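Worksheet for the structure shown next.
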There are 2 protein chains.
Amino acid sequence: MSPDQPGQSPPDLPATSYVVLGLLSFGRELTGYDLRKWAMNLRFFYWSPAQSQIYTELRRLRSHGLVCERTEPQRRRPDKRYYRITPAGLAAFDAWLIEEPVAPPTLKHPVALRLFFGHRAAPERLRSALTSYLEWARAQTTDLAELRAALGADFPYPDLVAAWGEQHYAAEIAAAEATLTALDQPPDHRATPDTPG
Amino acid sequence: MSPDQPGQSPPDLPATSYVVLGLLSFGRELTGYDLRKWAMNLRFFYWSPAQSQIYTELRRLRSHGLVCERTEPQRRRPDKRYYRITPAGLAAFDAWLIEEPVAPPTLKHPVALRLFFGHRAAPERLRSALTSYLEWARAQTTDLAELRAALGADFPYPDLVAAWGEQHYAAEIAAAEATLTALDQPPDHRATPDTPG
DNA sequence: ATGGGCATGTAACGAGTTACATGATTTT
DNA sequence: AAAATCATGTAACTCGTTACATGCCCAT
């Protein structure tokens with residue numbers, strides 16, 4: 001597939017394309033493998049795509065001329081491919097960042113879903129789901145703190161998001177704990193768990 | 001397609017099937033249209049499926065004998081279809097609720113994503129994205145409060161989730177406000193926005 | 001020498017979306 | 001009379017996932 005000619009209207013790419021493009025907008029030359037690792041760090045506030053998807057997006061971006069590829073031949077296995085964002089890619093990314101309307105977040109919260117259908121479950125099941133979730137959320141918090149430490153002062157905006165994430169998980173922990181407490185009360189005496197503070 | 005015979009291992013259905021099944025597990029006979037409206041209330045913590053998806057799931061569930069259908073003939077348009085959960089459906093739902101491992105939540109937060117790539121955007125753009133988000137989050141809070149009022153005391157578990165949701169949005173509002181403040185500081189003087197309290 | 005990280009890829013699949021079509025009934 | 005709501009459905013599409021395959025290089 002030949003690259004698109006310059007000067008045409010910005011192709012509207014799937015969200016994941018822009019994620020990859022954004023990761024490359026920091027200016028570094030990266031492999032698909034590298035990109036996957038970076039994308040993993042988005043998991044705290046944006047789901048990270050499957051490995052195979054990254055490679056698909058890179059091929060797509062390349063077909064649009066938004067990234068360029070440098071191959072290093074390997075013996076007895078596929079070439080190693082390094083990707084770098086092109087000026088056109090940077091322009092497309094900026095246009096997306098500035099012009100594209102920002103959709104509200106979507107959340108898929110299986111724990112809350114189980115709780116919603118609590119009338120069909122034994123209370124211990126709900127308690128255990130909540131407890132596991134608490135554990136997971138606490139782990140996320142420490143992971144985020146580690147990430148922030150690794151990021152250092154070089155990436156102020158990612159750091160801002162990571163800080164947001166820390167607050168997010170702290171709130172989730174508080175809410176889950178409040179729910180666990182509320183679950184101990186018999187349903188009719190159950191008080192609305194208020195937002196603390 | 002003929003319904004599956006009883007006694008076989010629980011078919012593993014997509015998540016949305018269980019959402020529909022769960023909605024029917026309250027015992028009421030509902031139309032696809034009704035279900036869609038109910039499913040909308042899940043949007044606060046679980047994305048709600050497209051309308052066409054609900055109908056697809058209902059056909060799927062029926063083909064597995066997990067719901068039964070009652071049709072009311074209409075003149076000059078498709079039959080009106082009422083659905084009710086079957087004992088097999090209730091069993092399948094309970095099995096899912098009790099046995100299926102509970103996955104951690106996934107979040108897709110376009111606002112945070114934009115902020116992450118803030119190095120390519122003008123500060124006003126980031127501020128305006130955050131401000132719109134704040135407005136949206138506040139609207140969610142009032143919507144949730146209305147929902148809780150409408151739910152009354154009949155649905156204790158959904159109410160518990162709604163209370164969780166209120167805390168969630170309150171936290172998001174606080175975090176977005178903190179980020180907005182942090183954005184006003186020059187990057188080098190920028191303090192980590194701490195969790196208040 | 002065994003396992004884990006690096007690194008790229010293919011194939012099959014399906015869930016879910018968007019857009020469209022139709023038309024009755026109720027509300028304004 | 002118009003608009004919103006009720007109500008069901010089809011068709012085309014694609015994003016994204018899971019599972020698999022290959023093989024190098026490095027550490028223990």
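Residue numbers start from 1 in every chain, and the chains themselves are labelled A, B, ... in the order their sequence lines are given, proteins ahead of strands. None of the values given here were measured: they were computed from a predicted structure.
Distance OH (B/Y82) to P (D/dA7): 6 Å, rounded to an integer number of Å. D/dT17 atom C1' lies 16 Å from atom OH of A/Y55, rounded to whole Å. Regarding A/Y46, its OH atom lies at a distance of 12 Å from the C1' atom of D/dC15, rounded to whole Å. A/D12 has its CG atom 11 Å from the P atom of D/dT14, to the nearest Å. Straight-line distance from the CZ atom of B/R75 to the C1' atom of D/dC6: 15 Å, rounded to whole Å.
A donor-acceptor pair shorter than 3.5 Å can be found between the side chains of A/D34 and A/T31.
Taking the ring centroids of B/H168 and A/H168, they lie under the 6.0 Å cut-off. Taking the six-membered ring for Trp and the full ring otherwise, A/F26 and A/F155 have centroids separated by under 6.0 Å.
Within 4.0 Å of A/R36, counting heavy atoms only, lies no atom of the nucleic acid at all.
Of all nucleotides in DNA chain C, those with any atom nearer than 4.0 Å to a heavy atom of chain A start and finish, going 5' to 3', at C/dG5 to C/dT10.
Remark: A/R114 is positioned above the aromatic ring of B/W96, its terminal NZ or CZ atom under 6.0 angstrom from the ring centre and at most 45 degrees off the axis.
Salt-bridge check for A/R59 with A/E57: failed, with every basic side-chain N at 4.0 Å or more from each acidic carboxylate O.
The listed nucleotides are D/dA7, D/dT8, D/dG16; the one nearest the side chain of A/E57 is D/dG16.
Position along DNA chain D of the nearest nucleotide to B/R77 versus A/S17 favours B/R77 as the more 5'-ward residue. When each of A/S48 and A/Q51 is assigned the nucleotide of DNA chain D bearing its nearest heavy atom, the one mapping closer to the 5' terminus is A/S48.
Side-chain contact between A/F93 and B/R120 is present, with at least one heavy-atom pair separated by less than 4.5 Å.
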